[in-house]
2 protein chains.
Amino acid sequence: MPQRAKRPGTAKIRSAAFRRIRADHSSELAEDYVELIADLIDEKGEARGSEVAMRLGVANATVVKTMKRLQDMGLVTQEPYRSIFLTGDGWKMAEDGRRKHKIVEAFLLALGISEETARIDSEGIEHHVSEETLRAMARFLARK
Amino acid sequence: MPQRAKRPGTAKIRSAAFRRIRADHSSELAEDYVELIADLIDEKGEARGSEVAMRLGVANATVVKTMKRLQDMGLVTQEPYRSIFLTGDGWKMAEDGRRKHKIVEAFLLALGISEETARIDSEGIEHHVSEETLRAMARFLARK
DNA sequence: CAATAGGTTTAGCCAATGCTAAACTTGTGC
DNA sequence: GCACAAGTTTAGCATTGGCTAAACCTATTG
């Protein structure tokens, strides 16, 4: 069987990157939910499951199920048939998400991208930028 | 029951963004696999399942299962116990991924980000940038 | 040319994230 | 103060993407 190993170092680094992406994906969903809940509380005074479902474009039942997981993770609290609240950790995560989101979106706009696209792309990108990249984006914005 | 609707337009757009992200995620995995397979073919002359598994940081069995799906999607072909080939569509997807990847990575480097971080972040970001954003990045690189 | 080491596949499991349809609360309005 | 509409939750299902352990090929080598 062919068994060559030309550049052993690179493979490991690459696989680490892929691992991180997979890990990101699990927290990504949680961040999206939590961020949205924070927005709803600020905007309307309360976060209802059905509103979350509508804004996220998923079914009601999906939100219920996810809320259980977020509750287990200690990010939200909720009584049946009541609206959703964030825990301290939940707020922290929401704030962090908003911070990243703002930087990325502002950065894309500064790059000359349309508002529409900046909104959509930043939503996707925000979960995949390291602190180093965020710092570089902030630097760019300051220098601009 | 509370039934307020203050800004009906925004919600729909947001949910569209989230929908796109979810849709991206399914193709994302496929793109990562296909891109890696293309790299292996170019680099070593053939793409073996176990090599894909190692580089992706995933178990062998996972690759086998995923290959079946990619085969159903018409992106790869493979005989049992043989190495993996890309179809025309597979090559097209791989080339597209590489193109995006290159632009994003070069862009991050131009922004002053370390090689290590640029590699990792670009891997995550490449699947979430629109053509408009790619064009802006390319423009930035040209103007630099 | 047969044994065997080592790479591949199968089988069976798990968790996450969605869905629809049915059952269940709640709060309003009569 | 009860009925009912509308909002919530449960139940049950599907798919994706991962894992381990066991079964299975293949090609090298003695």
Side-chain angles (χ1 to χ4, degrees), chain A residues 1-5 11 15-16 18-34 36-37 40 44 46-73 75-85 124 127, chain B residues 1-5 11 15-16 18-34 36-37 40 44 46-73 75-85 124 127:
Chain A
M1 235 123 228
Q3 179 77 337
R4 282 160 293 172
S15 83
F18 287 122
R19 268 176 206 289
R20 217 206 59 177
I21 289 172
R22 283 196 301 275
D24 283 353
H25 277 174
S26 12
S27 40
E28 195 166 330
L29 217 245
E31 281 176 38
D32 280 344
Y33 272 87
V34 162
L36 175 53
I37 290 163
L40 285 172
K44 316 200 151 193
E46 68 169 0
R48 300 244 116 212
S50 53
E51 186 73 24
V52 172
M54 199 193 314
R55 298 239 194 160
L56 245 27
V58 302
N60 252 307
T62 302
V63 172
V64 174
K65 210 183 274 190
T66 304
M67 281 312 133
K68 282 204 186 97
R69 228 158 354 96
L70 296 190
Q71 217 158 358
D72 290 347
M73 293 186 214
L75 295 169
V76 309
T77 55
Q78 187 187 23
E79 309 282 299
Y81 298 98
R82 293 274 114 86
S83 61
I84 303 156
F85 297 92
H127 304 289
Chain B
M1 235 115 232
Q3 180 76 339
R4 284 159 293 172
S15 84
F18 288 121
R19 267 176 205 288
R20 216 206 59 176
I21 289 172
R22 283 196 301 277
D24 282 353
H25 278 176
S26 14
S27 40
E28 196 167 329
L29 219 246
E31 280 176 40
D32 280 344
Y33 272 87
V34 161
L36 175 53
I37 290 163
L40 285 173
K44 317 199 152 195
E46 68 170 358
R48 301 244 114 211
S50 54
E51 186 73 23
V52 172
M54 199 193 315
R55 298 238 194 159
L56 244 29
V58 126
N60 253 307
T62 303
V63 172
V64 174
K65 211 184 273 189
T66 305
M67 281 314 132
K68 282 203 188 98
R69 229 160 350 100
L70 296 190
Q71 217 158 1
D72 290 346
M73 294 186 213
L75 295 169
V76 309
T77 55
Q78 186 188 23
E79 309 282 298
Y81 299 97
R82 292 275 116 87
S83 62
I84 303 156
F85 297 92
H127 304 288

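Since we're looking at a predicted model, the values are computed, not measured. To find a chain, count down the sequence lines: A is the first, B the second, and so on, and within it residues start at 1.
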*Asks:* Among the nucleotides D/dC24, C/dG27, D/dG18, which one has an atom lying closest to any side-chain atom of A/R82?
*Replies:* C/dG27

*Asks:* Does the side chain of A/S50 get closer than 4.0 angstrom to OP1 or OP2 of D/dG7 through an N or O atom?
*Replies:* no

*Asks:* At less than 4.0 Å, is any side-chain N or O atom of B/R48 found next to OP1 or OP2 of C/dT9? Yes or no.
*Replies:* no

*Asks:* Return the set of residues passing side-chain contact (heavy atoms from CB on, under 4.5 Å) with A/S83 (not counting sequence neighbours), or none when no residue passes.
*Replies:* A/E46, A/R48, A/F85

*Asks:* Choose from D/dT9, D/dC25, D/dG18 the nucleotide whose nearest atom is closest to any side-chain atom of A/V64.
*Replies:* D/dT9

*Asks:* Please name all residues satisfying side-chain contact (heavy atoms from CB on, under 4.5 Å) with B/V64, sequence neighbours left out, ordered by chain then number.
*Replies:* B/K68

*Asks:* May I have the distance from B/H25 (atom NE2) to C/dA16 (atom C1'), rounded to whole angstrom?
*Replies:* 13 Å

*Asks:* Atom CE of B/M67 and atom P of D/dT16: how far apart are they, to the nearest Å?
*Replies:* 15 Å

*Asks:* Out of curiosity, B/M67 CE to B/T77 OG1, how far, rounded to the nearest 0.5 Å?
*Replies:* 11.0 Å

*Asks:* Taking atom CG of B/L70 and atom NZ of B/K65, what is their separation to the nearest 0.5 Å?
*Replies:* 13.5 Å

*Asks:* Which residues pass the side-chain contact (heavy atoms from CB on, under 4.5 Å) test with A/L40, sequence neighbours left out?
*Replies:* A/L36, A/K44, A/A47, A/E51, A/V52, A/R55

*Asks:* Suppose we screen for side chain to side chain donor-acceptor pair (under 3.5 Å). Which residues come up paired with A/E31, at least two apart in sequence or across chains?
*Replies:* A/H127

*Asks:* Could you work out which one of D/dC19, C/dG18, D/dT8 sits closest to the side chain of A/V58?
*Replies:* C/dG18

*Asks:* Can you measure from CG (B/L75) to CD1 (B/I37) and round to the nearest 0.5 angstrom?
*Replies:* 9.0 Å

*Asks:* Which whole-number value in Å describes the distance from B/L70 CG to D/dT16 P?
*Replies:* 11 Å

*Asks:* Using the side-chain contact (heavy atoms from CB on, under 4.5 Å) criterion, which residues pair with B/R82? Sequence neighbours excluded.
*Replies:* B/E79

*Asks:* Using heavy atoms to find the nearest nucleotide of DNA chain C for A/N60 and B/E79 separately, return the residue whose nucleotide is more 5′.
*Replies:* B/E79

*Asks:* Would you mind reading off the distance between A/R20 atom CZ and D/dG18 atom C1', rounded to a whole angstrom?
*Replies:* 19 Å

*Asks:* Enumerate all atom pairs, one protein N or O and one N or O from nucleotides 1-3 of chain D, separated by less than 3.5 Å.
*Replies:*
none

*Asks:* Which residue, B/A61 or A/G57, contacts DNA chain C at a nucleotide closer to its 5' end, judged by nearest heavy atom?
*Replies:* B/A61

*Asks:* Just by distance, do the side chain of A/Q78 and the backbone of A/Q71 share a donor-acceptor pair under 3.5 Å?
*Replies:* no

*Asks:* CD of B/E51 versus C1' of C/dG6: gap in Å, rounded?
*Replies:* 15 Å

*Asks:* Collect all protein-nucleotide pairs involving nucleotides 13-15 of chain C in which both atoms are nitrogen or oxygen and the distance is under 3.5 Å.
*Replies:*
none

*Asks:* From the options D/dT8, C/dT9, C/dG18, select the nucleotide whose nearest atom is closest to the side chain of A/T66.
*Replies:* C/dG18

*Asks:* Nearest-Å distance, CD1 (B/I21) to P (C/dA16)?
*Replies:* 20 Å

*Asks:* Nearest 0.5 Å, please: how far is CG in A/L29 from OG1 in A/T62?
*Replies:* 10.0 Å

*Asks:* Between atom NZ in B/K44 and atom P in C/dG7, what is the gap in whole Å?
*Replies:* 12 Å

